[in-house]
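A short worksheet on the structure shown next.
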Amino acid sequence: MPIAPQKIVILGGGYVGLYVAWTLEKHSELPLEVTLIEPRAYMTYQPLLPEVAGGHVNPRDVTVDLRQALKHTNVVRGSVTGLDSKAKTVTVAPVSGGEVVYDFDHAVVGLGAVTRTFPTPGLAEHGVGFKTVEEAAHTRNTVLLNVAKAAATTDPAERRKLLTFVFIGGGYTGVEALSELLVLSEKAIAAQPALDGEKPNWILIEALDRVAPEVGPELSQWTLGELRNRGVDIRLKTTMKSCEDAVAVFSDGDEVPFGMLVWTAGVKPNPVLDGTDLPRGPRGHVNTSPKLQVIREDGGWVRGVWAAGDNAQIPDLTKPQPAWYPPNAQNAVRQAVVLADNIARSVRRRRPRNYVHHSLGTVAEYGLFHGAANIYGVQLKELPAWLAHRGYHLMAMPTMDRKVRIFAGWIADFVGKPDLTPTDDFEDPTHDFRIAAGATK
């Protein structure tokens, strides 16, 4: 009599979802029926988003098509709306509409994180995040379009506003993105004769007393000096009170009209978790054991439910004092592999193993040939750090197809002229047709 397959439902198609499914597909000897739920058709390799903004990498090349990558997984495009751990069901709203309920023997919670925002007046209307490939491409287009508009105006105040760009949040994501866009703006201005002598005004607002803390205290201080030497107006221990009417009001009392505002002030667990009955930690993460099992406050396993990545609170067993693993791609990918193997071990009725990972360090890129890296305690700056950043992320990028495309793009970028063409029309492709068809805008 054939054995009924174990139903595995994976929530989320990011690092965790992709690598859990990939690893489970290698266990072809087990009777597994794997379903992955993700509203987008692709996984995004977020560490290379700054390079998308800088124009070094094509936006599509940092995405991985889930259906093409996963040959033996049922990929469902839809949004998770609920999870009942007692009934062992996941409720999904497919992109085609309606509602579908999936039963599971094992569920993997890999919903990741979303941008953390505050109720700042004007932020929703005038800000943009930097967590998706669409947002990265949008910031690039905005910089190039603003430079073109600045060249076309004779109003000094309007020109100054268009060439003023504000970043809120000085973690390494914000610093990397700002650095790439800073170089882009300088190249775009240099290509406009009407802007001869003009300089962009880049402002970085950070509530802490340092920037890029992820690279360590010494490199963080060096990064601060490096950015200031490049003309970035960095304001530490400062917050933004409002940004209504495209005017940023800072806690130091300054009011600055801006042409673009990018919000990179942290992330929070996906709010989709609110629709589940899973136990949560103080910051909203799913309570997770070192074995990547979702656990209750008493330490008991929520049978059949696992979690990893940015939405999970996982004890860091490498630390002498209680700590959790930081939410980064380095951990998410490795956690996913251990989690998938633990599901396979559970199906075989074997004990799951702990996730233990000693950090490799951090690499950050601050524009072409600039960067900072702390690898196994060895600190690198500028070209060596930049090379380490590119080498690591090329190696870590999923699928050989994407590795080849990215590397070929880097070569073309290095030997060719900088691409300063805005593609903002791609964001509203039906504009011209609407006008032709009689629409007013």
Side-chain angles (χ1 to χ4, degrees), residues 13-15 18 38-70 75 77 112 128-148 165 172-188 191 260 262 264 329 333 363-371 386-431:
Y15 302 109
L18 175 63
E38 167 59 41
R40 289 187 170 93
Y42 52 85
M43 170 264 192
T44 300
Y45 190 76
Q46 294 174 343
L48 287 178
L49 291 183
E51 293 220 23
V52 171
H56 310 301
V57 174
N58 187 299
R60 287 182 177 273
D61 293 344
V62 300
T63 67
V64 176
D65 186 287
L66 293 170
R67 293 187 190 276
Q68 287 186 329
L70 301 172
V75 178
R77 287 198 64 185
V128 62
F130 200 86
K131 192 150 178 43
T132 68
V133 66
E134 294 84 1
E135 289 173 332
H138 175 77
T139 59
R140 172 178 173 78
N141 283 326
T142 301
V143 168
L144 294 174
L145 194 59
N146 279 16
V147 170
F165 308 98
Y172 79 97
T173 296
V175 170
E176 284 188 312
L178 182 151
S179 299
E180 286 285 2
L181 291 168
L182 166 63
V183 175
L184 176 69
S185 66
E186 291 174 337
K187 291 179 178 178
M260 181 179 73
V262 184
T264 57
V333 169
V363 290
E365 181 181 12
Y366 303 151
L368 206 59
F369 308 135
H370 297 280
W386 178 81
L387 290 171
H389 177 278
R390 285 207 163 179
Y392 174 79
H393 287 302
L394 184 65
M395 178 180 66
M397 181 70 205
T399 77
M400 182 57 67
D401 170 73
R402 288 308 190 239
K403 294 179 195 289
V404 171
R405 289 175 182 272
I406 288 171
F407 187 68
W410 282 343
I411 293 175
D413 180 59
F414 185 74
V415 300
K417 294 181 179 180
D419 183 0
L420 302 176
T421 305
T423 55
D424 50 292
D425 286 343
F426 288 177
E427 299 174 33
D428 185 15
T430 65
H431 173 269

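The structure presented is a predicted model; accordingly, all values stated were derived computationally and were not measured.
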Checking Glu134 now: which residues fulfil side chain to side chain donor-acceptor pair (under 3.5 Å) with it, not counting sequence neighbours? Tyr42, Thr132
Residues forming a ring-ring contact (aromatic ring centres under 6.0 Å, His included) with Phe369, sequence neighbours excluded: Trp386
Would you compute the distance between atom CG of Leu70 and atom CG of Asp65 and round it to the nearest 0.5 angstrom? 9.0 Å
Separation of Lys187 NZ from Leu182 CG (nearest 0.5 Å): 11.0 Å
Let's go through Leu368 and Val183 carefully: what are the C-alpha distance in whole Å and the side-chain angles of both, what is the deciding distance for side chain to side chain contact (heavy atoms under 4.5 Å, CB included) to 0.1 Å, and is it a yes or a no? CA-CA 8 Å; Leu368 206 59; Val183 175; 5.8 Å; no
I'd like to know if the side chain of Asp413 and the backbone of Gly409 have a donor-acceptor N/O pair within less than 3.5 Å. no
Side chain to side chain contact (heavy atoms under 4.5 Å, CB included) filter on Ala69, not counting sequence neighbours, yields Leu18, Trp22, Val64
What pair of heavy atoms forms the shortest contact from Pro47 to Ala329, and how long is it? CG-CB, 4.3 Å
Residues two or more places apart in sequence or in another chain: which of them pass ring-ring contact (aromatic ring centres under 6.0 Å, His included) with Phe165? Trp202
Checking side chain to side chain contact (heavy atoms under 4.5 Å, CB included) for the pair Val57/Arg402: CA distance, chi angles, key distance, verdict? CA-CA 11 Å; Val57 174; Arg402 288 308 190 239; over 6 Å; no
Closest non-hydrogen atom pair, Leu144 against Ala188: CD2-CB, 3.8 Å
Identify, with sequence neighbours excluded, every residue that meets side chain to side chain contact (heavy atoms under 4.5 Å, CB included) alongside Ala388. Val363, Ile375, Leu380
Within this structure, what is the CD1-OG1 distance for the pair Ile406 and Thr399, rounded to the nearest 0.5 Å? 8.0 Å
Tell me every residue that passes side chain to side chain donor-acceptor pair (under 3.5 Å) with Glu51, counting only those two or more places apart in sequence or in another chain. Arg390, Trp410
Could you work out, with side chain to side chain donor-acceptor pair (under 3.5 Å) as the rule, every residue matching Glu180, not counting sequence neighbours? His56
What distance do Leu184 atom CG and Ser179 atom OG have between them, rounded to the nearest 0.5 Å? 12.5 Å
For Met43 and Pro398 the tightest heavy-atom approach is CE-CG, 4.1 Å
Just jot down the side chain to side chain donor-acceptor pair (under 3.5 Å) partners of Tyr45, sequence neighbours excluded, or say none. His393
Holding to side chain to side chain contact (heavy atoms under 4.5 Å, CB included), I want the full list of residues that pass it with Gln46, two or more places apart in sequence or in another chain. Tyr15, Thr44, Leu49, Lys131
So, taking the atom named CD in Glu365 and the one named CG in Leu48, what distance separates them when rounded to the nearest 0.5 Å? 8.5 Å
With Thr142 via side chain to side chain contact (heavy atoms under 4.5 Å, CB included) - residues at least two apart: His138, Asn146, Met260
Roughly how far, to the nearest 0.5 Å, is CG of Leu66 from CZ of Arg77? 9.5 Å
Minimum heavy-atom separation for Ala136 to Phe130, with atom names? CA-CE1, 3.7 Å
Please identify each residue that fulfils salt bridge (charged side-chain N to carboxylate O under 4.0 Å, His left out) with Asp401, with sequence neighbours left out. Arg405
